[in-house]
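Following: one structure in structure tokens, then a few remarks.
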Amino acid sequence: MNAGKRIIVNTLAQYSKAIINICLSLYSTRLILEALDVSDYGIYSVVAGVVGILNYLTNSLIVTTQRYISYYCGANDQEHLKRLFASSLFIHALIAIIFLILLSLAGNSIIDGFLNIPVERLSAAKFVYNVTVLMLILTIATSPFKALLTAHENIVYISIIEVIDGVLKLMLAIILSLISLDKLEFYSVMLLVILCLNFIAFTSYCLVKYKESHVLNINRYIDKSCIRQLTGFTSWTTFGMLAGICQTQGTAIIVNKMFGTIMNAAFGIALQVNGAIRFVSTSILNAMNPQIMKAEGNSDRMKMISLAEKESKFSTALMSIISIPVIVEMPDIMSFWLKETPPHTVMFTSSLMIAFIIDQLTLGLHAANQATGHIRNYTIATTIPKMLLPLFMWITLTCGYSVHTIMAIYIVVEFSVAAFRIPYMKRTIGLDVRHFLASVILPIVPLLVSTTVASLLLANLVEVNDKRFLITLPCGFIVGIITMWYATMTKEERLFAKQMFNNSIKK
């Protein structure tokens, strides 16, 4: 399968998975919130969030492993691939052991002395903490195998497993309302069981499918130079992902310290919705990032930049088509979706979605920078504003400003980082700024305007009732899709899409 067809197939697989998992995740969240109640849901959000901070290291390891495997696939160096994978397994195992020891020792201090947890639920919070630590260890163990699948662009299999994961979590949410055990503890244990099934699915497939995973005698394949490559790249990627920690979990901790677990439930729901919507962006990233890495590995810089521009444009377009109508109808969607909507849930959710759309505008340039491997200066420059975000929020709240103000700061910081990528990539990889603005930013403007105007008009024209969004959302999506086809996509892109569609019909 050629590169163009593979991107289309992988994007469709991820996009289909995104739609299914959004529906499953949002409905599951409603059932879980009802079963746990607002306070217990807030406890799970903040406790799991503290341990989840370390997931950013896991994500950086996945990015690193996938980057180097994709790069050397492009360079067609099979022997180096095996050494890379074996070295990656060794690093993941070492990190898992270190985290297990440190987190086990720090548990009581975090739950009793740091977080704002109701006294009567401290025991349950400690139980959730311990289970979440095990989930983190299992996630670390799964990471190299998932990176291997992504590097080989086997996005269809990943999509299938993640849809099954969503179905299992929906079943768990239904069961949760039927049991008489401590629901918070039962919920955390069953999430661990689902994660075990994911681990088995990813590892067994890789061991059967890919020769570079056949490293049973791991000492034979571990390579010091590969370890240096992986740890050097990972250290800066992890430093960059500290920005994500400060943005999400840093905000969650400040909200917990200032307002308690009820407000954490609102922010946790916002993260859940935003995470579901992010599947749309993931569909583009997982489909195109391996191609970007391979193009750079094949010394084809122009192709790499072109793919990075397309990633920015299409991920923003798809996110906007879905997010803008949802933001406009957010109050009605929340009241219909949740029987009890915690205060500020709508504001948190809308703010996170706006910030994410802004980030997508130049996200392809982030992938391009990773492909080059020169990430130190880029990481420092893009991470510092986000690392300082919790400090800005704390000062703002202590000065008497509202929670709305801190979310406005959140959006401004996201905009500054997204804008910085353009001049930086001009200096480092020779990005043509005028071409980027003309081919990525300007085509997005009509889409943003038309989708926003159409959604607002529909919201005012359609009779107000609790199910109005069932009419306005599909109409807003249709307006966005039509605008993207005629105003955002080029003639060549439309022709390519038609050819791929016709070929699929023939097959």
Side-chain angles (χ1 to χ4, degrees), residues 49 53 56 59-60 63 237 239-255 267 270-282 284-285 308 311-324 326-327 330 344 346-370 375 378-397 401-425 436-437 440-441 444-445 447-448 451-452:
I53 286 174
Y56 284 92
N59 291 337
S60 70
V63 169
T237 306
F239 185 69
M241 288 189 175
L242 286 172
I245 296 174
C246 294
Q247 279 189 300
T248 54
Q249 305 308 331
T251 302
I253 290 171
I254 286 176
V255 166
F267 192 72
L271 289 176
Q272 182 81 6
V273 174
N274 196 51
I277 298 293
R278 280 173 181 259
F279 275 125
V280 178
S281 173
T282 303
I284 299 292
L285 302 183
E311 180 178 301
S312 294
K313 181 167 75 170
F314 286 109
S315 60
T316 305
L318 293 173
M319 276 298 301
S320 301
I321 289 170
I322 293 177
S323 299
I324 292 173
V326 170
I327 290 171
M330 187 69 72
H344 300 296
V346 171
M347 184 274 299
F348 279 135
T349 308
S350 299
S351 299
L352 290 179
M353 291 173 74
I354 291 169
F356 191 59
I357 291 174
I358 292 170
D359 179 61
Q360 298 301 292
L361 284 168
T362 59
L363 192 62
L365 300 182
H366 176 76
N369 181 75
Q370 286 185 329
I375 64 171
Y378 171 88
T379 301
I380 293 172
T382 56
T383 298
I384 289 175
K386 295 183 180 183
M387 291 182 67
L388 293 175
L389 182 60
L391 176 61
F392 295 152
M393 290 180 168
W394 182 265
I395 293 172
T396 300
L397 291 173
Y401 290 94
S402 70
V403 71
H404 294 77
T405 306
I406 67 170
M407 294 313 294
I409 295 172
Y410 187 109
I411 293 171
V412 169
V413 169
E414 194 68 70
F415 177 82
S416 66
V417 171
F420 167 81
R421 291 177 183 140
I422 298 175
Y424 182 86
M425 298 308 287
F436 183 85
L437 295 176
V440 177
I441 304 299
I444 291 295
V445 173
L447 175 62
L448 296 175
T451 308
T452 303

Would you check if the side chain of [X] reaches a backbone N or O of [Y] as a donor-acceptor pair within less than 3.5 Å?
X: Thr405; Y: Tyr401; value: no
X: Thr362; Y: Ala418; value: yes
X: Arg421; Y: Asn369; value: no

Rounded to the nearest 0.5 Å, how far does [atom2] of [Y] lie from [atom1] of [X]?
X: Leu388; Y: Met393; atom1: CG; atom2: CE; answer: 12.0 Å
X: Met353; Y: Ile411; atom1: CE; atom2: CD1; answer: 12.0 Å
X: Thr382; Y: Met387; atom1: OG1; atom2: CE; answer: 11.0 Å
X: Gln360; Y: Ile444; atom1: CD; atom2: CD1; answer: 10.5 Å
X: Leu389; Y: Ile254; atom1: CG; atom2: CD1; answer: 7.5 Å
X: His344; Y: Ser351; atom1: NE2; atom2: OG; answer: 11.5 Å

Ignoring hydrogens, what is the shortest heavy-atom contact between [X] and [Y]? Give both atom names and the distance.
X: Leu363; Y: Ser312; answer: N-OG, 3.7 Å
X: Phe420; Y: Ala381; answer: CZ-CB, 3.3 Å
X: Gly364; Y: Glu311; answer: CA-OE2, 3.6 Å
X: Val440; Y: Leu361; answer: CG1-O, 3.8 Å
X: Ala355; Y: Glu414; answer: O-CG, 3.1 Å
X: Thr452; Y: Leu448; answer: OG1-O, 2.7 Å

Do [X] and [Y] have side chains that get closer than 4.5 Å, going by heavy atoms?
X: Ile322; Y: Leu318; result: no
X: Met330; Y: Val326; result: yes
X: Trp394; Y: Ile406; result: no

### Query
Should we count OH of Tyr424 as having more than 12 external heavy atoms under 6.0 Å?
yes
### Message
With side chain to side chain contact (heavy atoms under 4.5 Å, CB included) as the criterion, how do Phe415 and Asp359 come out once you've worked through the C-alpha distance, each side chain's angles and the decisive distance to 0.1 Å?
### Response
CA-CA 7 Å; Phe415 177 82; Asp359 179 61; over 6 Å; no
#### Entry: Check: His366 ring centre within less than 6.0 Å of Tyr378 ring centre
yes
### Message
Lys313 vs Ile441, test: side chain to side chain contact (heavy atoms under 4.5 Å, CB included). Steps then yes/no.
### Response
CA-CA 7 Å; Lys313 181 167 75 170; Ile441 304 299; over 6 Å; no
